[in-house]
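One structure is given below, encoded as structure tokens.
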Amino acid sequence: MADGAISDATTITLGATIDDVRRQNLSQVLRLVHRDGPHSRSDLTRATGLNRSTVGGLVLELSHRGLVDENDSTGPRRVGRPSPTVSASDQTTAIAVNPEIDAIDVALVGLSGAVLQRVRYRNERVPTVSEFVNIVSALTAGMRPYGSGRQALGIGVAIPGLVREADGTVILAPHLGWQDAPIGRMITDATGYDVVIGNDANCGVIAENTFGAGRGDGVVIYLNGGASGIGGGIVINNRLIAGEGGNAGEFGHTVVTSVGRRCHCGSTGCLETEVRRERLLSALSLMNTEPDDLLVAMELAWLDRRSVGRREMERQLSHLGVALRSIINVFNPRRVILGGYLAQLLAVVGEHELRGWIAPTLPGASAEPDLVGTGLADALLLIGAAELVFAPALEDPTRVAER
Ligand SMILES: [Zn+2]
């Protein structure tokens, strides 16, 4: 994701043509209802500073392109004329895919951010690239929105690894064993859909920034604990910081101990070698990896100070605390969002306990960020992958043909 792709700033430049201005106005209205939910026409008029008839024309055009729906107000009927609400239309969708070592998740996500349909394919073993493409092709065939009047703008894939978004290549997904794989082209060949790929943690950041706990200005740090390791992302004033090669925010490779395990990156004692879901699962004697089972097992283990599970949770908390201390000292964030099983760990032990493991950070009340779990549960990465697909249409709604 290029820097700024999640910014909703609309700037009208000098020399813009009437078409440019109209596209920017369409984009502004669509982003408002996409990001902030349903608006009445008068809310849109106020928020955009455009006049009523212009807003009416924009809403009509977006509706013809299947991007917004206009309904009679569903809220309490006020005195006088009911004001219809304009909302992002779930008739326009994206197919979102997230491969992990233990499962492949596929979902149909509406333009409102709602997950309309979801399938989880359990892997017997880590799939090869071509097995993955075949599975995605089969699962998306079952999801093609035939007959429902829905359109799918493409497929977005959240990859646990390094990617080159420009040509849809997975550079390295170490836990999946994929390297230099042209996944985007392969999925397009198999399904006919346009495909966008992104790093999974960046997808998480985009989803949180658009719909979840990461909304608003300032510095927001995101840390996701997935089956294959820990990813992260940095958002500053609604802009994802991608870095020169797109690899900024790889907090999983923050060194947390000099005597830890060897990491696939070549270093020793990285956050993701010490704080690992599989080490927790094994301490809790869990074979099943359903998120709810892990949560319940952690809650039970935490009650018994001498249990193997509790000791492993404390060991992971101590390493997580070291990493967060560095991250907080470097970025001085407003908010730190934990996703995946790290959100569950936070839910079980509580913010106060986690702060105890992080302390001390640099002094000053303003250096104390909020520590919160993801607001979007485990659909986070799928919603973010769908956002990759929606981004061009949000930028320029005229890319979506009138229906
Ligand atoms: Zn490492």
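Just so it is clear, the values below take in all heavy atoms, side chains as well, and ignore hydrogens, waters and symmetry mates. Note that the coordinates shown come from a computational prediction; the quantities given were computed from them, not determined experimentally. As the structure lists them, so they are numbered: ligands from 1, and atoms in each ligand from 1.
By the 6.0 Å contact criterion, OH on Tyr121 is open, its count of non-hydrogen atoms from other residues, nucleotides or ligands being 12 or less.
The Zn ion (ligand 1) lies closest to atom ND1 when only the N/O/S atoms of His253 are considered.
Taking the Zn ion (ligand 1) as the apex, the angle formed with SG of Cys265 and SG of Cys263 is 110°, to the nearest 10 degrees.
When atom types are taken as modelled, the side chain of Asp90 and the backbone of Leu111 share a donor-acceptor pair closer than 3.5 angstrom. No donor-acceptor pair under 3.5 Å is formed between the side chain of Asn224 and the backbone N or O of Gly232.
Using a cut-off of 2.8 Å, one finds that His264 contributes no N/O/S atom close to the Zn ion (ligand 1).
Between Thr169 and Pro182, the shortest heavy-atom contact is OG1-CA, 4.2 Å.
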